[in-house]
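Residue numbering restarts at 1 for every chain, and letters A, B, ... go by the order of the sequence lines.
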Amino acid sequence: MSGPDPARGTVLDPTSAGTELLRLAAVGAVDDGKSTLIGRLLHDSRQLLDDQLSALAEASQRRGLAEVDLAFVTDGLRAEREQGITIDVAYRYAATPRRKLIIADCPGHVQYTRNMATGSSTAELVVLVVDARHGLREQTRRHLCIAALLGVRRVVVAANKMDLAGWSEEAFSSVMAEVTSLARRLGMEEVVGVPVSALHGDWVVEPSGAASWYSGPTLVEALEQAPVDEAAGGPARLPVQWVVRLPGGGRSYAGLLSGSGLRPGDAVVALPGGLTTTISSIRTFDGPLEEASGPLSVTVHLADDLDVGRGDLLAPVAEPPTVTSEVEATVCWFGTKELAPGQRYRLKHTTRTTRAVVRAVSGRLDVNRLASEPAGSLAPNDIGLATLAVATPLAVDPYRVSRATGSFILIEEGTNATVGAGMVGPPPIGA
Amino acid sequence: MTTLEHDASRGRVRRSRPGSHLDALESHSIFVLREVAAECERPALLFSGGKDSAVLLRLAEKAFRPARFPFPILHVDTGHNFPEALEFRDRRVAELGERLIVASVQDSIDAGRVADVPPGSSRNRLQSVTLLDAVAEHGFDALIGGARRDEDKARAKERVLSFRDALGGWDPRNQRPELWHLYQGEVGPGEHLRAFPLSDWTELDVWQYVAREGLELPSIYFAHRRLVVQRDGMLLAVGPWVQPRPGEQVEEATVRFRTVGDATCTGAVRSDAASVEAVIAEVATSRVTERGATRADDRFSESAMEDRKREGYF
């Protein structure tokens with residue numbers, strides 16, 4: 001392990017206040033080294049504190065390991081440390097002078113795909129960890145595919161175990177060629193690659209003498225430089241979350257605004273009912289706002305006294321979403337039983353939960369070929385296209401237009417398990 | 001090659017600008033509070049008198065004012081309190097005009113529900129029984145707490161809305177997927193949820209927010225003179241429940257507390273930080289985590305928190 005190089009400057013800075021938030025997820029196949037990489041990143045940037053370091057050393061020693069196993073930084077469950085695998089997402093926090101990073105370390109096993117989707121659903125960027133000796137496995141492709149479906153547009157490829165691959169430029173180039181071609185077909189915008197050894201620390205926080213052919217950023221620099229999506233654009237959407245009854249009479253409507261540019265005076269429609277009115281004021285606890293853009297928790301007053309409640313959606317009259325009783329969506333299926341026509345679930349979309357029945361499954365995605373193949377049902381961890389009929393009409397946008405109004409989950413009756421993640425519209429995958 | 005300029009203002013207090021990470025965290029936490037209030041029949045907000053629960057109360061004001069909170073405030077009282085924390089609790093609750101329910105560990109002991117610990121030991125773990133009794137007695141289906149994922153490696157694994165079975169247990173291997181902001185609050189009879197609106201906040205975020213919002217905290221968070229005794233590598237405040245044992249030296253030191261909990265297991269740290277700004281500078285450069293510095297109960301094993309959580313702990 002080499003110490004930080006003062007000339008280069010420590011990019012991660014635990015004392016930094018940070019000003020922007022970047023949410024990222026580390027994904028990739030099991031055993032390619034995600035947890036070790038996150039552990040290395042936190043260790044070498046000195047974001048691990050003394051008591052955490054001594055706990056790590058003790059845990060490693062107890063298991064008879066000659067060196068400290070940095071994967072224990074994020075493998076926080078007993079079962080994970082015993083088996084040396086990651087079962088569920090661990091969230092870790094780091095800061096650079098400009099950024100606060102929220103890092104979701106996701107499990108690689110197929111059976112824990114649901115947890116990987118959990119970690120990626122709020123991410124703006126994924127770090128795709130690939131064992132440079134083996135290239136992309138089916139699970140690596142599945143993860144990149146799910147991340148793309150979930151709307152992640154940027155990938156930082158950590159070509160890991162480069163020490164075992166002899167720091168071969170060919171191995172690195174071959175990984176990058178594979179990922180770039182896949183990412184392009186998945187409609188992703190940006191791929192940055194870094195050759196690393198998570199075990200030894202090369203190119204994670206500090207550059208190293210290994211890979212003389214490489215002159216790009218370290219992994220941390222790549223994360224520092226990645227563009228953060230400016231307040232997500234798109235039309236303003238305010239799902240009514242909570243009705244505040246005002247002490248002097250009257251009501252205001254609280255919710256998490258998404259999209260941009262809602263102003264007092266704007267004409268809005270309350271959906272699915274379809275009544276129109278005008279926003280008379282937008283407030284937070286700290287006072288009125290002249291204009292609000294999401295994501296922001298606000299309350300609004302309406303000019304007219306309408307029957308509006310939780311689950312209704314306020315949207316500009318000029319740019320309304322689609323109101324529908326039948327939703328065609330890309331579904332990531334996590335249930336233990338198959339998703340098949342005729343089955344009933346509860347469906348939660350924005351702040352509304354309604355009943356849903358599966359009308360049809362019209363195909364499943366082959367993640368290796370990135371092509372749809374005929375299927376009448378979805379097996380656990382499949383991704384496919386399904387049509388659902390809902391008991392109460394929903395105001396939806398295509399997922400690529402709005403994550404907030406284009407997403408839903410399916411809940412199994414009886415067990416209350418969350419069994420599916422739905423994204424309105426077909427998968428955005430080119431042929 | 002990139003150049004990364006050094007941040008001259010690091011370590012100093014910065015007021016957050018609109019669009020800063022504090023605004024993003026705040027908006028999300030308010031969303032979670034409103035979602036729990038809307039999805040659950042009988043939630044309660046856990047309040048310990050500490051800084052995280054002080055932040056939670058401010059967020060609840062931001063979520064629900066000018067109306068009243070749609071839930072009572074619940075304090076699980078170990079009976080081993082810092083008087084400053086109790087005084088702060090009662091004053092804040094009175095200022096807010098909200099309802100306080102106190103669930104007492106002493107009552108659980110008197111009722112024979114749980115055996116007391118030997119004198120001078122921590123009642124921290126006993127709280128789980130009292131907490132679950134309060135859930136049963138009041139029919140709570142959701143408990144909102146101020147726990148953060150940066151506190152502990154088991155907490156780092158937990159969902160924002162975390163399901164508890166009919167025995168109050170947590171099954172970390174089988175958590176509900178939690179996608180986007182679609183928090184799922186469905187529970188069956190006897191089951192309940194734990195909701196953690198501060199999941200993504202760090203200790204530093206909390207202090208920056210305390211500064212930004214001008215929040216009041218119990219005085220023990222700031223440097224003061226106090227009699228302390230060294231035990232198990234920690235500085236414990238000498239008081240009714242902590243008396244020096246043979247061979248232990250009592251000294252008067254300038255200390256503050258980084259967390260507020262059961263007085264028998266919450267350690268003080270040597271510190272001259274007497275203001276919020278000084279505390280922020282100290283937290284930003286500390287080499288020890290919050291719980292590592294101050295919680296004896298987490299030192300027993302590497303799975304201490306996971307084991308307590310499985311039993312129903314916060």
Side-chain angles (χ1 to χ4, degrees), chain A residues 9 11 13-21 49-52 55 58-59 74 76-79 87-93 97 100 102 114-115 117-118 121-122 215 217 221 224-225 241-242 244-247 254 256 284-285 295-297 310 334 348 351 403 407-409 411 416-418 421, chain B residues 1-2 4-7 10-11 14 16-17 19-21 23-28 30-31 34-35 37-38 61-67 149-150 152-154 156-157 172-173 175-182 184 186-188 199-200 202 204 208 284-289 292-293 302-303 306:
Chain A
V11 180
D13 177 359
T15 68
S16 159
T19 51
E20 313 169 318
L21 207 54
L49 303 183
D50 296 345
D51 53 315
Q52 295 170 313
E58 254 174 61
T74 56
L77 301 175
R78 189 202 310 267
I87 293 171
D88 211 329
V89 191
Y91 294 89
R92 298 291 315 208
Y93 304 84
K100 176 184 156 107
I102 300 182
R114 60 181 192 274
N115 297 333
T118 290
S121 67
T122 52
S215 61
E221 285 168 344
E224 168 79 2
Q225 291 159 14
Q241 191 187 7
W242 181 254
V244 184
R245 282 197 215 112
L246 303 175
L256 183 65
T284 67
F285 181 81
L296 187 68
S297 281
R310 176 172 166 86
F334 313 127
K348 186 174 185 190
T351 54
R403 278 195 193 190
S407 61
F408 62 84
I409 54 171
I411 304 162
N416 291 326
T418 302
Chain B
M1 197 82 292
T2 54
L4 292 138
E5 65 271 56
H6 248 307
D7 184 359
R10 68 190 236 187
R14 265 187 288 188
S16 124
R17 301 189 312 263
S20 77
H21 75 282
D23 293 321
L25 293 172
E26 178 189 69
S27 254
H28 179 250
I30 291 171
F31 176 79
R34 287 172 175 162
E35 206 59 9
E61 286 184 273
K62 294 202 175 196
F64 302 111
R65 289 292 187 248
R149 285 172 176 153
D150 80 324
D152 175 88
K153 55 190 176 301
K157 291 272 165 181
R173 299 189 64 165
Q175 301 192 81
R176 290 176 178 172
E178 192 168 73
L179 290 112
W180 302 291
H181 292 148
L182 293 171
Q184 211 244 93
E186 315 252 355
V187 294
S199 287
D200 283 334
T202 62
L204 190 56
Q208 287 170 342
T285 53
S286 171
R287 288 302 309 159
V288 183
T289 66
E302 62 181 356
S303 301
E306 181 180 342

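Of the inter-residue distances, the one linking A/Phe285 atom CZ with B/Glu26 atom CD reads 9.5 Å to the nearest 0.5 angstrom. To the nearest 0.5 Å, atom NE2 of residue B/His28 and atom CG of residue A/Leu21 are 10.5 Å apart. Taken from CZ in B/Phe31 to CD in A/Gln241, the straight-line distance is 4.5 Å, to the nearest 0.5 Å.
Residues B/Gln184 and A/Asn416 approach most closely at NE2-O, 2.9 Å, considering heavy atoms.
Of the atoms belonging to A/Ser407, heavy atoms from both backbone and side chain fall under 4.5 Å from chain B. At a 4.5 Å heavy-atom cutoff, the contact between A/Ala90 and chain B is made by backbone and side-chain atoms alike. With a threshold of 4.5 angstrom between heavy atoms, A/Arg245 approaches chain B through N, CA, C or O but not through any side-chain atom. Heavy atoms of A/Phe334 lying under 4.5 Å from chain B belong exclusively to its side chain.
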Criterion side-chain contact (heavy atoms from CB on, under 4.5 Å) on A/Lys100 and B/Thr202, from CA distance to verdict: CA-CA 10 Å; A/Lys100 176 184 156 107; B/Thr202 62; 3.6 Å; yes

Verdict with reasoning, A/Ser297 to B/Arg34, per side-chain contact (heavy atoms from CB on, under 4.5 Å): CA-CA 10 Å; A/Ser297 281; B/Arg34 287 172 175 162; 3.8 Å; yes

Could you walk me through whether B/Leu179 and A/Arg114 satisfy the side-chain contact (heavy atoms from CB on, under 4.5 Å) test, starting with their C-alpha distance in whole Å, then the side-chain angles of each, then the deciding distance to 0.1 Å, before giving a yes or no? CA-CA 9 Å; B/Leu179 290 112; A/Arg114 60 181 192 274; over 6 Å; no

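For the ring pair (Phe, Tyr, Trp, His ring centres under 6.0 Å) test, residues two or more places apart in sequence or in another chain that qualify with B/Phe64 are A/Trp242, B/Phe71.
Comparing A/Ile411, A/Val244, A/Leu246 by how many heavy-atom pairs each has under 4.5 Å with chain B, the most go to A/Ile411.
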